[in-house]
Amino acid sequence: MKIVQFSVLRPIAMSMVIFFLIILGSVSVKNMSIDLFPELTFPTAVVTATYDGASPTEVENLLAQPIEGAMGTIPNIEKVSSVSQTGGALVLVQFNWGTDMDFATLKMREQIDAVRDVLPDGVQTPKVLRFNPSDLPIMQLAVTDTKGNIENAKEVAQKEVKTAVDRLDGIASTSIEGGPEQEVQLITNPQKLLSYGITLKNLQEIIGSENIDLPGGNVEDDQETLPIRITGKFDSLNDLEMLPIPTKKGTVLLNDLVEIEQKEQRENGLSYLNGKDAVGLSILKQSGTNTVQVAKNIHNEIEKLKEELPSNIKIQTIFDQSMFINQSISAVSSNMIVGSLLAAFVLFLFLRNFRSTMIISLAIPLSIMTTFIFMYFSNQTLNLLTLGGLALGVGMMVDNAIVILENIYRLRQEGEGKKDAAIKGTNQVGQAIIASTLTSVVVFLPIIFVDGLAAQLFKPLALVVSYSQFAALFTALIIVPLLSSLILKLKENEKKSVFDKFNNRYKALLSASLKHPKKTVGVVIVLFLLSFAGVPFIGTEFLPSQDQSYLSIEAELPPGSTVEKTYRKVKEINEKIRPVEEIANTYVTIGGRNSNNEANYSVLLTDIENRSRTDLEIAEDIRQKLKNIPNADITVSSGTSGFSANPISLKISGPNLETLRSLSDQTINLISKVDGIREPKANYEEGNPEVSISVNRDKAAQYGIGNASVAQTVSDATKGLVATKLSGDVGEELDVRLLVDEKYISSTEELENLTIQTQVGTSIPLKAVASISRDTGPSQITRSDRVREITVNADILNRDLGTITKDIEKTLKENLPLPNDQYKVTFGGQNEQMNDAFYKLSLALALAVVLVYMVMAAQFESFFHPFLIMFSVPLTFIGIILGLLITNEPLGVGSLVGILILTGIVVNNAIVLIDYLKQLREEGYDAKEAILLAGPTRLRPIMMTALTSVLGLLPLMFGIGEGTEIQRPMAIVIIFGLTVSTFITLIFIPTLYYMFEQRRIKKKEKTG
């Protein structure tokens, strides 16, 4: 190969090439974005439509069904589902993976336009939104005032913190929650307004029309054309108070008609940090930006702010995704370095030569730098999976270099000169290492044809492993012959090492196997068959959960509970979780405009190295502490990857909603008894208590009013009307809201006396045309593929997903009778994702095996030798099963990707052995002599490459540090599969070769 000759004969030129690669690699890694996972594109979009005042049943019939029908005609649709609630519908459209979502959302908008005419009057045009993981906050902050002045904290959060963060590069938006929300309230007396012949709607129109600046054309003045502007905006609260209002009694100042004051909104959420009043800020980054860099900029800006703000204002981080990213990247990088050092140690142990060890060890950093170049120009990011792929490839990076160096060293021992040995030794094994590299890389080709979440996650990993192997091949072909020709020295009077004794024992074992080939092959086959006995004891999972030092707690009180009642329950929860030592911070939000009965906790735990329990164990401890709190539905969840579905998700479908509710209740009761199930819960909500107003149409018609007039009047009285906005400080704008004094709407009796304006200008009480009663309103209706559906979700603990799913299937089959064929129970969630990924990756694995054989057949120009080598692949099954059983690791997507990688590398040992065996046979050796010579000769490079690969992965297998959970299954599969397969291959493949040769010779003798 000319590149080998160039590297040996032009050392200075080649050293410049090496320095160029190092410089370019350093620049590449510096300019790559850092994130937790690769950029993900989910083929999901939603349509939102609002219909004020409509019940869920009306929303289902009038909004959800027409929109579902329109969406169903779009190409590449996988599933259409909807949620119909009071006042609106949300239609979720899932497309096939790989769909162009820009084109898909365009088609959705076209279909919305086509169905717009059949939607009820008063419904605004539905909106189409895409789901984007970047829409999730990367950081949450809490602002508190040590003096207890929450108004001051809110002001600082709005005017200082939000303003400072919003102007940073990469920030998409910053939202504020908690703290008092100020507005200008115009409190009205309905009787007083009635006496003046004016309504809330009249006041809203007058105030809104007065608080504006309008253009008034142009005027010629002193040979200039000047624009005219009529100014009318309110500059202060006094302007609003002195606004003249025309009434039937004459003009009256607004201040004389209503009470005007600036105060908190009636419906306002609360938030607390560690039990103290706080204001929260959720920060979203722009799509495609560097999460770590954006978070670093935020922290720097906050530190500057802290120096400028008063000492009583405290800004604390509740959640910071970059912290886990940094810890995870650091852990994987550290494991990669440790793996490299272990690989170097193995080299020195075998070679007992510092210079030889240094030559091969230098191949690792150079290969890594070259890999970074490939990653940068293919737009990859530094994330948990790409760096994991690099860590997986570290041990394999020296395989080619070891084979080349070992061959060069052998030729030197035989008397070849430095340069000749470097060139000849590299060329002799060049074909074999190219073949082994191609087999390691070609296994990833089928992943291109795999779609789904697993493919999106692991395609970057596959690319990086491929890059690392190509980089390792390139660097091995240039750096090993170059340095060998310059600094490699032979050791004089080499003593027999421990390896020589091992080599002699191996040769004796190999000789014994050749004497009894059938027994040898039979023993291996028995071991292979026995390994199947372990399969039932191995569980299955989709992706392993990750400990992100973060928990969430959701507490839901009975419908209709007030914010004050929810707050009292939060205080009870706080007392229960206070003894948990691993909790660093708790941030809780209570209520809001639509969820006064809900409280949501963000619980930040201490770092992993500072606690002995995992997040799952802490979550279970908290779950047990809170399970006896009455009148509250409490859910505790540990931090996950953020994109996988619920572990258990049972979809119960059928036509009748009440029957579905009954079935879901039975399902919850049944699966609650399954070991490992935690917090099963249906996605439907009990009806909210409400006041029902039934209009007597005949009586209402006599006064010239209808349902809409009654509904509008009641809504204006209870919710209020935003008439305009009043400019405040620093661009702040306050809502000016017209409200009826609470004493006139504080009970159903008062509500009955609410006055309604008739068409003829008279006023009547509400009770004259309607009856009022307390009732229970509907909750929501969920549909999937045009069939009503209720989903039961649950978490799992201390058991694998596959085993629990089997138990649930058995329990439901035996104990849940379905009314008829129209009702079905199906599994969704992670089980659906897992089955889909397993099926697709299994097909990819089968195709990878075929491709590996094809590459070897082309390389050896033979059908027989690749066929022989392929027997190495099934033997990995023995080690894989053994490894998963010993480590108690379920078979998941990570394990399957590990098997895929293993398929490519496990044949390398056999390739090196058979390639040399083939050369010896061509030189005239008979089969037995060739085997007994090739085996011991190639034993050292085979053992070295296997051990460097295994030891390079040991840190990942032990899962040291944050974020290594996702690489651990891959490392386990490769380590155990490669270890067992290597030892068996060294005996089994030569013996099998000998058997085939003996049979071929006998057959030839018979025919000859």
Side-chain angles (χ1 to χ4, degrees), residues 22-41 132-140 165 168-172 283-303 317 319-337 339 365 368-394 456-465 467-468 471 546-550 607-608 639-643 955-956 960-967:
I22 293 171
I23 293 169
L24 196 58
S26 301
V27 174
S28 297
V29 72
K30 185 179 179 183
N31 287 288
M32 275 192 286
S33 294
I34 303 174
D35 220 326
L36 184 60
F37 290 108
E39 191 78 21
L40 300 173
T41 302
N132 189 342
S134 300
D135 293 339
L136 302 173
I138 62 163
M139 189 181 292
Q140 287 179 295
V165 170
L168 297 175
D169 290 338
I171 299 297
I283 304 169
L284 277 68
K285 75 177 183 75
Q286 294 173 355
S287 180
T289 52
N290 188 329
T291 300
V292 172
Q293 187 58 51
V294 171
K296 184 179 179 182
N297 293 341
I298 295 170
H299 282 300
N300 291 339
E301 192 67 26
I302 295 301
E303 289 304 314
T317 302
F319 169 75
D320 181 3
Q321 193 182 76
S322 71
M323 187 182 299
F324 181 69
I325 294 173
N326 284 325
Q327 291 169 342
S328 301
I329 298 297
S330 175
V332 174
S333 301
S334 300
N335 289 336
M336 191 163 60
I337 293 169
I368 290 173
M369 283 298 173
T370 309
T371 304
F372 284 142
I373 298 171
F374 289 139
M375 289 173 63
Y376 176 77
F377 285 103
S378 61
N379 296 318
Q380 298 297 317
T381 63
L382 287 176
N383 57 66
L384 210 55
L385 288 162
T386 53
L387 277 181
L390 204 53
L392 288 170
V394 160
Q456 284 218 25
L457 285 173
F458 289 100
K459 275 179 185 176
L461 180 141
L463 275 175
V464 171
V465 174
Y467 292 158
S468 69
Q546 291 183 288
D547 190 338
Q548 298 190 25
S549 301
Y550 177 84
D607 291 339
I608 291 178
T640 61
S641 55
F643 39 72
L956 285 180
I960 302 169
E962 292 87 346
T964 54
E965 296 93 341
I966 204 162
Q967 290 99 7

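Treat the numbers as computed from the prediction; the structure is a model and nothing was measured. When a residue number appears, it is its place in the shown sequence, counting from 1.
- Here the CG atom belonging to L387 is positioned 10.0 Å from the CG atom belonging to L461, to the nearest 0.5 angstrom.
- A pairwise comparison of heavy atoms in G389 and V465 identifies O-CG2, 3.5 Å as the closest pair.
- Qualifying side-chain hydrogen bond (donor to acceptor under 3.5 Å, both in side chains) partners for D320, counting only residues two or more places apart in sequence or in other chains: H299, S322.
- With no hydrogens or angles considered, no side-chain donor-acceptor pair links N297 and E301 at under 3.5 Å.
- Residues L168 and V294 are not in side-chain contact: their nearest non-hydrogen atoms beyond the backbone lie 4.5 Å or more apart.
- F319 and P137 make their closest contact through CE2-O, 3.7 Å (heavy atoms, listed as atom of the first residue, atom of the second, distance).
- For the atom pair S334 OG and I329 CD1, the distance stands at 11.0 Å (nearest 0.5 Å).
- Among residues at least two apart or in separate chains, side chain to side chain donor-acceptor pair (under 3.5 Å) pairs with a member in residues 24-37 are D35-T291.
- Within 6.0 Å of atom CG in D169, 12 or fewer heavy atoms from other residues, nucleotides or ligands are found, so the atom counts as exposed in its surroundings.
- Counting only distance, with no hydrogens or angles, the side chain of S330 and the backbone of Q327 share no donor-acceptor pair below 3.5 Å.
- Distance check, rounded to the nearest 0.5 Å: CG of L24 to CD1 of I22 gives 11.5 Å.
- To the nearest 0.5 angstrom, L463 atom CG is 5.5 Å from Q380 atom CD.
- Rounding to the nearest 0.5 angstrom, the gap separating the CG atom in L384 from the CD atom in E965 is 8.0 Å.
- Applying the ring-ring contact (aromatic ring centres under 6.0 Å, His included) criterion to F458, with sequence neighbours excluded, gives no partner residue.
- A distance of 7.5 Å separates CD1 in I171 from OG1 in T289, rounded to the nearest 0.5 Å.
- In this structure T386 satisfies the side-chain hydrogen bond (donor to acceptor under 3.5 Å, both in side chains) test together with N383, sequence neighbours excluded.
- When side chains are defined from C-beta on, M139 does not count as touching V165, because their heavy atoms never get closer than 4.5 Å.
- For T317, the side-chain hydrogen bond (donor to acceptor under 3.5 Å, both in side chains) test picks out no residue, with sequence neighbours left out.
- For M32, the side chain to side chain contact (heavy atoms under 4.5 Å, CB included) partners two or more places apart in sequence, or in a different chain, are V29, F372, M375, Y376, L382.
- When all heavy atoms of S468 and L390 are compared, the closest pair comes out as CB-CD1, 4.3 Å.
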